[in-house]
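Since the structure comes first, as structure tokens, the remarks are kept for the end.
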Amino acid sequence: MAPVAQAQTPNLAPDFTHRPAASKLVVVPVDIELFSISGGGVSEPKADWTNTAQLYFNKALLSLPALKTSNVTYLKDSDLDELAEVNSLHGAVASSIFIHHMLGGGVNKLPTKDGKLLWSMGDAVSGLRAKTGADYALFTWVRDTYASAERKAAIVMMAILGVGIAGGTQVGYASLVDLKTGQVMWFNNLLRGSGDLREEKPATETVQLLLTKFPALK
């Protein structure tokens, strides 16, 4: 009897299941920004919130068992100055993966991908490999918005009138990238109307959720 083929896992590239035991991983500083939504629905960046969230996010990454091995290194924000464009590129690629792959069918589906995780950052990651000597890189991208007091009042007022308007939204992407080829080997995302990166405990929960089923070493 022929073996039963495993179903394609949307979070993994074809034929990829884990990181080789001897491989090295570099964790790239999170691309993160927090915003306040005004009463009129305008998103205003909040630098102090972002700085706090970055500290809590990075601390949570350090505490993850999958990232507490000797073959994992962490880039500092200052290390990324010359590689800032790589982080920006990841945000663009990750957004495309979320829209065209994770959201599934309909007009967003790309027939050429055949429903598989077939995305790449190309040669843009070669500098990161040369700088760190790593085999893989973990990229993370997060945007979080919070309703201001005026926005919350508007939400209540419009709800009384039977009209719904949006409050805050938390969006995050995480990608494991092969630095030899630029291919995205694993991807995960979150999209929800809850969570608070301005406080340590919920920020840790966000990181744990975003890194769910991160490929282990074998």
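Nothing fancy with the numbering, it's 1 onward along the sequence. This is a predicted model, so every value here is computed, not measured.
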Got a donor-acceptor contact below 3.5 angstrom from the [X] side chain to the [Y] backbone?
X	Y	result
T145	T169	yes
S175	V177	no
D196	R198	yes
S95	G91	no

Is [X] linked to [Y] within one hydrophobic cluster, defined over Ile, Leu, Val, Met, Phe, Trp and Tyr using a side-chain heavy-atom separation of less than 4.5 Å?
X	Y	answer
L191	V93	yes
L190	V30	yes
I99	F187	yes
L75	Y56	no
Y136	L62	yes

Please evaluate residues T206 and Q170 with respect to the criterion side chain to side chain donor-acceptor pair (under 3.5 Å), reporting the C-alpha separation (whole Å), side-chain torsions for both, the decisive distance (0.1 Å), and the verdict.
CA-CA 9 Å; T206 293; Q170 188 176 87; 3.1 Å; yes
Just so I know, are the side chains of [X] and [Y] near enough to count as touching, which here means a heavy-atom distance under 4.5 Å?
X	Y	answer
M121	F139	yes
L25	L67	yes
T140	V28	no
L179	L128	yes
L176	V184	no
K213	N188	no
L138	F214	yes
K218	R19	no

Worked check of side chain to side chain contact (heavy atoms under 4.5 Å, CB included) between K59 and E200
CA-CA 9 Å; K59 183 177 179 180; E200 184 171 1; 2.8 Å; yes
What's the spacing between [X] [atom1] and [Y] [atom2] if we round to 0.5 Å?
X	Y	atom1	atom2	result
S96	M102	OG	CE	14.0 Å
E44	L34	CD	CG	13.5 Å
L209	T204	CG	OG1	12.5 Å
I32	N87	CD1	CG	11.5 Å
F57	L210	CZ	CG	5.5 Å
K76	N58	NZ	CG	12.5 Å

D48, CG atom: more than 12 neighbouring heavy atoms under 6.0 Å
yes
How close do [X] and [Y] get, counting heavy atoms only, and between which atoms?
X	Y	answer
E33	P45	OE2-CB, 3.6 Å
Q183	A13	NE2-CB, 3.7 Å
A124	L89	CB-CD2, 3.4 Å
V125	G182	CG2-CA, 3.8 Å

Could you go through R129 and D135, starting from their C-alpha distance and side-chain angles, then the distance that decides it, and tell me whether this counts as salt bridge (charged side-chain N to carboxylate O under 4.0 Å, His left out)?
CA-CA 7 Å; R129 176 171 171 76; D135 301 291; 3.7 Å; yes
Ring-face cation contact, W119 with K113, 6.0 Å cut, 45° max:
yes
Does the separation of the ring centres of F16 and W186 fall below 6.0 angstrom?
no
Candidate pair D31 and H90, rule side chain to side chain contact (heavy atoms under 4.5 Å, CB included), full reasoning
CA-CA 9 Å; D31 182 343; H90 168 254; over 6 Å; no
Please work out whether the ring planes of Y173 and W141 are parallel, tilted or perpendicular, with thresholds of 30° and 60°.
parallel
Test side chain to side chain donor-acceptor pair (under 3.5 Å) on N11 and T9 and set out the steps.
CA-CA 5 Å; N11 300 82; T9 303; over 6 Å; no
